[in-house]
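Worksheet for the structure shown next.
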Amino acid sequence: MTLTKRKNAGKSGDKAAEKTQFYEAGTDESKERLREEVTQLKQKTKERPFYKTGRFLFPLGIFFGTLLGLAFVEPKDIEDLQLQVSTLVNQYDINLPQLPGFDLSRVEAEWTRFRNSVPEFWKFNNDGREFQVGEAMKARGLSAELPVILIPGIVSTALESWSTAPEYRPFFREKLWGGFNMLSQVTFNRERWISAMMLDPITGLDPPDAKIRAAEGIDAASSLIQGYWIWSKIVENLAVVNYDTNNLYLAPYDWRVSYYNLEERDGYFSKLKSTIENLRQRQRKKVVIAAHSMGSTDHIEAYISIAGTHLGVAKAMAAFLSGEMKDTVQMHPAGAYVLEHFFSRKERQNLFRSWAGSASLWMKGGNVIWGNDTHAADDECDASHSHGELIAFRDTALPDNDPETRNMTAEDASNWILEHTPSTFQKMLQTNYSYGIERDERQLKRNDADHRKWSNPLEVRLPNAPSMKIYCVYGHGKETERSYWYARGQYERDEITMDAVNASRSWIDAAYTNETALPKTRNGVKMGEGDGTVSLLSLGAMCVEGWKRKRWNPAGIKITTVELPHRPVTTIPRGGANTSDHVDILGSTGLNEIILKVATGVGHEIEDSFVSNIREYARKIEWD
């Protein structure tokens with residue numbers, strides 16, 4: 001037994017030694033392989049060009065990032081920096097040691113010199129087209145002929161605080177809508193920003209202690225924030241043909257407020273009427289209005305409707321119903337980003353419902369204009385679902401007679417929204433707006449004195465001004481929200497008014513996308529024709545058909561319609577000269593040429609131009 005154990009032990013020892021040698025050999029081989037790989041990597045590193053190394057790419061990224069940021073800085077922003085820091089310090093009671101004052105005038109001068117030396121291509125808030133249309137008109141010998149008034153669209157005018165209440169003093173005379181100060185306030189002072197911007201649900205005016213008013217002057221709507229222009233391109237081209245503050249006026253307004261309160265609180269329309277009359281008297285020429293107006297028509301030569309929301313916007317209905325405000329109601333990307341990323345859907349919903357001025361974008365004309373449950377005037381051929389059902393639910397398992405899940409036309413949706421909104425919102429709509437269609441000429445005449453009808457071209461007549469001209473100019477060719485697939489949740493009580501009527505928790509069914517369907521569906525939105533924000537029917541139907549009828553156009557005012565095709569250049573910020581996006585059209589060559597031709601007295605050169613089927617769609621509407 002002992003001998004056998006010794007033999008087995010000897011065999012085991014031999015095997016262990018063999019294993020040890022095997023592992024050692026494997027380890028040696030692994031080490032050698034690792035050495036070879038390291039040597040190869042080092043060789044590759046040595047062979048790699050310097051411009052591909054991190055030592056080059058990292059500083060390069062910092063350089064271009066800094067350049068991109070500085071491209072949006074104006075000289076005045078340098079001086080504003082001290083004010084912004086001071087505002088934040090005061091808001092949060094931060095005690096800093098007293099710092100010596102610095103004279104920034106030299107810095108401003110040097111920065112101006114540097115920016116002027118940068119090629120236009122690298123100035124991202126410019127694209128090299130500045131002043132070109134004006135220069136072309138000037139080369140023709142054209143010059144300022146008629147005084148011009150520019151009226152911005154909703155959310156385009158900057159708003160600033162005038163409250164002296166202690167909680168609002170840190171941003172006295174600061175912009176709460178527009179400018180980088182808006183971004184800082186919603187980031188660091190969100191609750192106070194909401195309390196200042198939200199209107200009183202009962203009065204539709206400022207809540208206690210808050211006081212927000214429209215900024216003044218041409219700068220009030222030239223840019224939303226630095227680098228994102230609105231009216232500045234048009235102003236630049238007008239200046240080339242000899243326009244200045246003596247014959248060019250921008251009429252900013254607080255777009256949150258209803259038209260009635262805008263006059264009652266700010267006297268806006270009385271001031272606008274006075275401005276028109278003063279320009280007429282001083283310049284001895286009639287006035288051109290670009291956008292929209294309720295001013296005195298006796299002194300107006302021409303009215304240029306730029307991407308006009310004549311018959312409402314589908315997006316507005318989604319905003320009122322569920323707070324879906326992304327790119328909503330003429331919202332430019334900067335404003336949409338602020339509302340979408342810093343506020344909940346419920347907060348957006350409450351804000352939008354308190355802004356009575358936005359209710360002017362409610363869809364008008366009901367099923368007559370927007371279609372019924374079987375068809376709509378702008379349906380595509382072979383469409384599997386009609387745009388006439390503005391809001392539809394995909395869950396077919398629910399009972400057909402359930403009023404909360406049945407598909408709804410524009411009229412149905414309007415009633416449904418009102419049934420599920422606070423009574424204060426319903427009262428605001430009833431006392432300020434009307435969304436029907438009126439065919440009786442005697443009633444239309446009476447409606448001239450009813451302010452509730454003024455924002456609805458289907459219930460009010462054009463002015464009795466036969467020498468006046470109207471130009472409808474808008475873009476076409478960009479997919480636009482037209483109708484929606486919705487999902488529904490539980491009910492919730494309104495948090496602002498604690499209204500007895502519960503609000504329905506509904507939202508766009510963003511989980512549903514079908515790019516091959518007709519109409520195309522993307523994230524719960526059924527796409528149609530338009531300028532990216534406003535549907536084609538709203539942009540052009542009144543221009544090509546509605547206002548051709550005497551009941552709505554008793555003086556027979558000539559209507560000229562110009563559709564500008566959307567042909568953006570993807571490599572140019574905001575699309576370049578041929579974009580026709582709802583906001584970016586303000587910088588397009590086509591629109592600027594039209595405005596300058598009218599302003600310089602050669603508006604007769606403008607003729608109808610169509611790129612869509614709007615005339616065919618409009619003929620399908622039951623106007624009579």
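What you see below is based on every heavy atom in this structure, not just the backbone, and it leaves out hydrogens, waters and symmetry mates. None of the values given here were measured: they were computed from a predicted structure.
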Indicate yes or no: does [X] engage [Y] in a salt bridge with an N to O separation below 4.0 Å.
X: Arg549; Y: Asp624; answer: yes
X: Lys597; Y: Glu605; answer: yes
X: Lys469; Y: Glu301; answer: yes

Decide whether [X] and [Y] meet the rule of one side-chain donor and one side-chain acceptor closer than 3.5 Å.
X: Thr560; Y: Asp608; value: no
X: Asp379; Y: Ser386; value: yes
X: Ser434; Y: Lys364; value: no
X: Thr275; Y: Asn278; value: no
X: Lys526; Y: Thr521; value: no
X: His310; Y: Ser305; value: yes
X: Glu263; Y: Ser270; value: yes
X: Thr374; Y: Asn372; value: yes

Which residues pass the side chain to side chain donor-acceptor pair (under 3.5 Å) test with Ser258, not counting sequence neighbours?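 With sequence neighbours excluded, Ser258 shows a side chain to side chain donor-acceptor pair (under 3.5 Å) to Asn432, given in chain and number order.
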
With under 30° as parallel and over 60° as perpendicular, where do the rings of Trp177 and Trp255 fit, or are they tilted in between?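 Rings of Trp177 and Trp255: perpendicular, over 60°.
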
Residue Glu607 excluded, over 12 heavy atoms near CD under 6.0 Å: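 No, because the 6.0 Å sphere around CD of Glu607 holds 12 heavy atoms or fewer from other groups.
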
So does Lys620 have more than 12 non-hydrogen atoms from other groups sitting under 6.0 Å from NZ?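 Yes - once you tally the heavy atoms of other residues, nucleotides and ligands closer than 6.0 Å, there are more than 12.
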
Does [X] have any side-chain contact (heavy atoms from CB on, under 4.5 Å) partners at least two apart in sequence or in another chain, and if so, which?
X: Arg439; result: Val368, Ile437, Arg551
X: Pro565; result: Arg567, Val611
X: Glu438; result: Asp440, Gln443, Leu444, Asn447, Glu459
X: Ala555; result: Asn464, Pro466, Ile557

Is there a side-chain contact between Ile369 and Trp623 (heavy atoms, below 4.5 Å)?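 Contact flag for Ile369/Trp623 side chains = yes.
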
Taking Val534's backbone N and O only, do any of them form a donor-acceptor pair with Ser538's side chain (distance below 3.5 Å, no angle check)?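 Checked: no pair found.
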
Hey, does the side chain of Asp531 reach the backbone of Gly475 with a donor-acceptor pair shorter than 3.5 angstrom?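 The answer is no, because no donor-acceptor pair under 3.5 Å joins these two groups.
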
[Y] ring centre to [X] NZ or CZ under 6.0 Å, with the angle to the axis within 45°?
X: Arg353; Y: Phe320; result: no
X: Arg461; Y: Trp547; result: no
X: Arg574; Y: Tyr228; result: yes

Derivation and outcome, side chain to side chain contact (heavy atoms under 4.5 Å, CB included), residues Leu248 and Ile218: CA-CA 9 Å; Leu248 175 63; Ile218 291 177; 4.1 Å; yes

Any pair counted as ring-ring contact (aromatic ring centres under 6.0 Å, His included), so long as it reaches residues 426-447, sequence neighbours left out: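 Passing the test, one end in residues 426-447: Trp362-Tyr435.
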
Apply side chain to side chain contact (heavy atoms under 4.5 Å, CB included) to residues Trp370 and Glu411 and explain how you reach the verdict. CA-CA 9 Å; Trp370 299 102; Glu411 288 182 5; over 6 Å; no

